[in-house]
Amino acid sequence: TRKNVLQYDDVMNTQREVIYKQRRQVLDGEDLQGSIQNMLHSMVENAIHGHMGEQKHMDAESFREAVAPFRTMFLAPGELNLTDEELGQYDAEGLVDLISEKARAVYAKKEQEIGSPIMRELERVIMLRVVDEYWMDQIDAMNELKQGIGLRAYAQTDPVVAYKKEGYEMFENMIAAIQEETLRRLFLVRLRKNEEVKRERVAKVTSESGASDGTVQKRPQRR
């Protein structure tokens with residue numbers, strides 16, 4: 001177990017580098033508009049391909065399931081209730097473009113209402129908050145995985161290989177969840193009049209969440 005600790009730490013360090021690179025972009029005030037649009041297209045694409053599988057065309061029931069999460073985000077009630085015949089006119093990419101265009105139109109309207117400068121800052125604020133929330137959950141989940149992974153040796157499984165594989169899958173799921181939750185909040189957020197948008201860190205200061213770049217420093221212990 002002691003021999004494997006460093007390899008476990010390497011996995012966490014790799015994940016930490018990805019997360020803190022993203023956090024630095026937000027804290028440095030970079031424009032996230034392009035990233036948000038890419039996330040939006042990726043979310044729609046994953047939903048369509050995930051429900052379509054190897055079929056050339058999607059049926060009405062599968063399409064309803066695919067767009068169900070978007071009903072609370074950017075699709076109005078009754079919008080895009082396509083029949084089997086109508087869906088027969090679209091392949092996967094056609095459906096992705098159709099839904100993405102609806103989402104971009106709603107997003108553009110929201111930006112027009114509150115103004116581009118506020119929208120850019122709102123993107124950074126929400127992204128930072130969601131990344132921090134999900135990263136803290138990821139740290140806890142990875143610690144729990146590390147605590148029990150040694151038992152895999154009894155099942156003739158290399159604990160390090162299992163830890164890397166499952167840790168990677170958990171990280172990929174976290175990234176997808178961050179993207180979906182960020183977009184959901186951006187579409188649903190409502191600003192009160194004269195409300196100021198502030199970038200605030202959510203992550204608590206811990207030895208696990210800290211980074212070598214000094215973004216989050218470890219707080220001295222009090223006895």
Side-chain angles (χ1 to χ4, degrees), residues 1-30 32 35-36 38-40 42-43 46-47 50 68-69 72-73 122-189 197-223:
T1 300
R2 288 194 298 270
K3 182 183 68 175
N4 294 335
V5 165
L6 287 178
Q7 296 188 63
Y8 295 152
D9 289 345
D10 286 342
V11 175
M12 277 302 297
N13 287 336
T14 300
Q15 295 186 9
R16 188 180 291 111
E17 287 174 6
V18 174
I19 290 298
Y20 275 85
K21 179 181 179 182
Q22 197 165 33
R23 291 183 84 256
R24 280 195 300 273
Q25 290 176 342
V26 176
L27 293 171
D28 290 344
E30 289 190 21
L32 300 181
S35 298
I36 295 296
N38 289 336
M39 287 163 53
L40 180 59
S42 177
M43 181 181 68
N46 290 338
T72 58
M73 294 171 63
L122 200 59
E123 289 168 350
R124 289 188 284 265
V125 167
I126 291 179
M127 170 74 82
L128 179 63
R129 188 168 190 86
V130 173
V131 166
D132 282 357
E133 289 174 2
Y134 279 78
W135 175 237
M136 286 189 289
D137 290 340
Q138 175 75 358
I139 290 172
D140 293 338
M142 291 295 288
N143 281 334
E144 291 180 8
L145 177 64
K146 184 165 62 175
Q147 294 300 323
I149 203 71
L151 298 176
R152 305 297 176 88
Y154 292 106
Q156 305 301 314
T157 302
D158 187 337
V160 174
V161 174
Y163 181 80
K164 288 180 178 180
K165 180 177 182 296
E166 295 182 31
Y168 175 77
E169 292 173 354
M170 290 165 57
F171 189 72
E172 288 289 294
N173 291 335
M174 181 196 69
I175 294 298
I178 285 175
Q179 293 181 353
E180 183 173 344
E181 181 63 14
T182 299
L183 291 168
R184 188 185 70 82
R185 295 188 190 186
L186 281 169
F187 276 110
L188 299 180
V189 69
V197 180
K198 294 181 179 179
R199 261 174 277 164
E200 295 179 351
R201 294 170 179 165
V202 178
K204 296 179 181 178
V205 181
T206 68
S207 58
E208 288 290 341
S209 63
S212 59
D213 63 356
T215 309
V216 177
Q217 296 179 353
K218 187 175 179 181
R219 183 181 299 164
Q221 295 182 344
R222 290 186 178 181
R223 296 186 181 274

Stepwise side-chain contact (heavy atoms from CB on, under 4.5 Å) check, F171 with T14 = CA-CA 10 Å; F171 189 72; T14 300; over 6 Å; no
Could you tell me which non-hydrogen atom of [X] sits nearest to which non-hydrogen atom of [Y], and how far apart they are?
| X | Y | answer |
| --- | --- | --- |
| M12 | W135 | CE-CH2, 3.8 Å |
| A141 | M170 | CB-CE, 3.3 Å |
| M142 | Y163 | CE-OH, 3.4 Å |
| E123 | L32 | OE1-C, 3.8 Å |
| Q179 | S42 | OE1-OG, 4.1 Å |

Which is it for M174 and I19 under the side-chain contact (heavy atoms from CB on, under 4.5 Å) test, yes or no, and what are the steps along the way?
-> CA-CA 11 Å; M174 181 196 69; I19 290 298; 3.5 Å; yes
Those residues at least two apart in sequence (or on a different chain) that pass side-chain hydrogen bond (donor to acceptor under 3.5 Å, both in side chains) with N46 are none
Acceptor/donor pairs from residues 180-189 side chains to any protein atom, 3.5 angstrom cut, sequence neighbours excluded:
unit_1 : atom_1 : unit_2 : atom_2 : d
E181   : OE1    : R184   : NE     : 3.0
E181   : OE2    : R184   : NH2    : 2.7
E181   : OE2    : R185   : NE     : 2.7
E181   : OE2    : R185   : NH2    : 3.3
T182   : OG1    : I178   : O      : 2.7
R185   : NH2    : E133   : OE1    : 2.8

Contact check, side chains of D140 and M136, non-hydrogen atoms, under 4.5 Å | no
Under the side-chain contact (heavy atoms from CB on, under 4.5 Å) rule, what do R16 and D9 come out as? Steps first, then yes or no, please.
-> CA-CA 10 Å; R16 188 180 291 111; D9 289 345; over 6 Å; no
Just by distance, do the side chain of D28 and the backbone of E30 share a donor-acceptor pair under 3.5 Å?
-> no
Sequence neighbours excluded, which residues qualify as side chain to side chain contact (heavy atoms under 4.5 Å, CB included) partners of S35?
-> none
For K165, all residues meeting side chain to side chain contact (heavy atoms under 4.5 Å, CB included), sequence neighbours excluded | E169
How long is the gap from CD on E172 to CD1 on I175, to the nearest 0.5 Å?
-> 7.0 Å
side-chain contact (heavy atoms from CB on, under 4.5 Å) partner of M127, chosen from Q25, M39, R23 | M39
